[in-house]
Number of protein chains: 2
Amino acid sequence: MRVVIATCSVDYAGRLTAHLPLATRLLIAKNDGSLLIHSDGGSYKPLNWMSPPCVMTTLEPDETAQEAGVTELWRVTHQKTADTLVVSIHTIHSDIAHDLGDDPGLIKEGVEAELQRLVAGQLEAIDDGLSLVRREYPTAIGPVDVLARSSDGTAVAIEIKRRGEIDGVEQLTRYRELLDRDPHLRPIRAVFAAQEITPQAKTLAADRGIECVVLDYDALRGAETPGDTLF
Amino acid sequence: MRVVIATCSVDYAGRLTAHLPLATRLLIAKNDGSLLIHSDGGSYKPLNWMSPPCVMTTLEPDETAQEAGVTELWRVTHQKTADTLVVSIHTIHSDIAHDLGDDPGLIKEGVEAELQRLVAGQLEAIDDGLSLVRREYPTAIGPVDVLARSSDGTAVAIEIKRRGEIDGVEQLTRYRELLDRDPHLRPIRAVFAAQEITPQAKTLAADRGIECVVLDYDALRGAETPGDTLF
DNA sequence: GATTAAATTTCGAAC
DNA sequence: GTTCGAAGTTTAATC
């Protein structure tokens, strides 16, 4: 990896055409040929970048460019897509190279899968009297997160999201439509459960006759007893 | 901005819980307190990060940590959400600081808005005999990209995407449903236009009686005459 | 390999 | 300030 702080301008041509005016920025050249251009702000997204697989070549600026103050030209190209990124470097303030080696990678937990597992084990968080039929209940267009039965025997399709948005309601609507064709399941009750639900999603759900439940992750986690994980 | 190459392990607790085992990585501390942790691979997304607004503090490792080889501890916290990122540094290989100043920002062109403008000006790319009613035709749930009329007077709702996926078909379906309630427009013909359309989106569109058109961006751009931009 | 859904998404605009 | 859709999205899972 090579890390450079330089005053430069940047041009990109690919999915779109973009230009960065002359300024001082952080350039990160990774071993796979990819390049990131960061400013001292914004979030983790670079101002501009080139994704691997790609190749970086350093070239001499032509006379016109030299007169404009360009001392070095970096050209990064993606062979397949013909995307090209050109960095016109005026001044290099710092230039560091270091071999990082492979990274063991991120170990994470606590995402949607766990939320689904928690809800499946504590259906009372959705409604009283529900019993689990199965998680990831298959349909022609993909599995429903949870299928359950109410105490009166009605089938309940539950879609679980971390953030409930309009797309999730659409997804659940499609599942319900398919499940409703099964005479053993019809009529389906549909529940949209998420840690947070946008107002628009709530409105659409209400319009479609879909119930909304806001989940409390900490409460679900806290209520889980060690024994629950055995089932 | 401070740029450090260090052998470290990282722990994050917030939306999820995550851990990075000991390895050599690039640490970028931006002026707004945010921190990025990059490996020598992957795309532009860091292995781990903390988004602004947040505060970074450097602390002395306790005795246990020191015995484990930790020479420095960085704690980055987000006040509102209580997210916390802790970097346990064992060895610093490089440590650079540089004031970058504000960035003028990216100038870009060629995104969906332009695609919409091009199609509105060249409705023959959709079908022969169409005439523009208006772009961004308003409905209760948001504007339809383009509303046009066929030569026989039928209203045509056109949804334009760069990449046509199932969501776009759902969106267009909702628009058509609403527009169909207007006696001056009914019955609505719906067209889903995109540079690429996924098979599943095509299938759903066909099932809903929505036409699909694959757009050729370069052709649209090339066919545009200077005069067209006046209208 | 293609496709789909999720992301600690981020980013920008409209309301 | 919220909310919502788009992104040169990226990434992981699934077919």
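Chain letters run A, B, ... following the sequence lines, proteins first, then strands; residues in each count from 1.
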Verdict with reasoning, A/Tyr175 to A/Asp145, per side-chain hydrogen bond (donor to acceptor under 3.5 Å, both in side chains): CA-CA 10 Å; A/Tyr175 289 143; A/Asp145 287 342; over 6 Å; no
Between B/Gly42 and A/Trp49, which is nearer to the 5' end of DNA chain D once each is assigned its nearest nucleotide? A/Trp49
Round to a whole Å and report the spacing from CD of B/Gln116 to P of D/dA7. 11 Å
Roughly, in whole Å, what's the span from CD in A/Glu170 to P in C/dT4? 16 Å
Rounded off to whole Å, could you give me the CD-to-P distance for the A/Glu159 and C/dT4 pair? 16 Å
Using the side-chain heavy atoms of A/Ile166, tell me which of these nucleotides is nearest: D/dG5, C/dC11, C/dA6. D/dG5
How long is the line joining NZ of B/Lys45 and C1' of D/dT11, in whole Å? 6 Å
Heavy atoms only, 4.0 Å cut-off, all strands: where does A/Leu85 land among base, sugar-phosphate and nothing? nothing
Name the nucleic acid region contacted by A/Met50, choosing base, sugar-phosphate or nothing; use a 4.0 angstrom heavy-atom cut-off, strictly under. base
Nearest heavy atom decides the nucleotide; on that basis, is A/Asp145 or A/Ser43 closer to the 5' end of DNA chain C? A/Asp145
I'd like to know if A/Lys161 pairs up with A/Glu159 as an ion pair, taking the criterion as any Lys NZ or Arg NE/NH1/NH2 lying under 4.0 Å from an Asp or Glu carboxylate oxygen. yes
To the nearest Å, how far apart are B/Lys108 NZ and C/dC11 P? 10 Å
With a non-hydrogen cut-off below 4.0 angstrom, is B/Tyr12 in contact with a base, only sugar-phosphate, or nothing? base
note: A/Leu106, atom CG; D/dA12, atom C1'; distance rounded to Å ~ 13 Å
Kindly say if A/Lys161 contacts the phosphate of C/dA6, meaning a side-chain N or O under 4.0 Å from OP1 or OP2. yes
Please state how far atom CG in B/Leu172 lies from atom P in D/dG5, giving the value in whole angstrom units. 14 Å
Using atom NZ of B/Lys202 as one end and atom P of C/dT3 as the other, report the distance to the nearest whole Å. 9 Å
What verdict does the side-chain hydrogen bond (donor to acceptor under 3.5 Å, both in side chains) test give for A/Thr84 and A/Thr77, after you've listed the backbone C-alpha separation in whole Å, the side-chain angles of each residue and the deciding distance to 0.1 Å? CA-CA 5 Å; A/Thr84 303; A/Thr77 49; 5.9 Å; no
Closest-nucleotide ordering on DNA chain D, the 5'-leading residue of B/Ile160 and A/Ser51: B/Ile160
Salt-bridge present (B/Asp103, A/Arg25; N to O < 4.0 Å): yes
Check ion pair A/Arg189-A/Asp127 (N to O, under 4.0 angstrom): yes
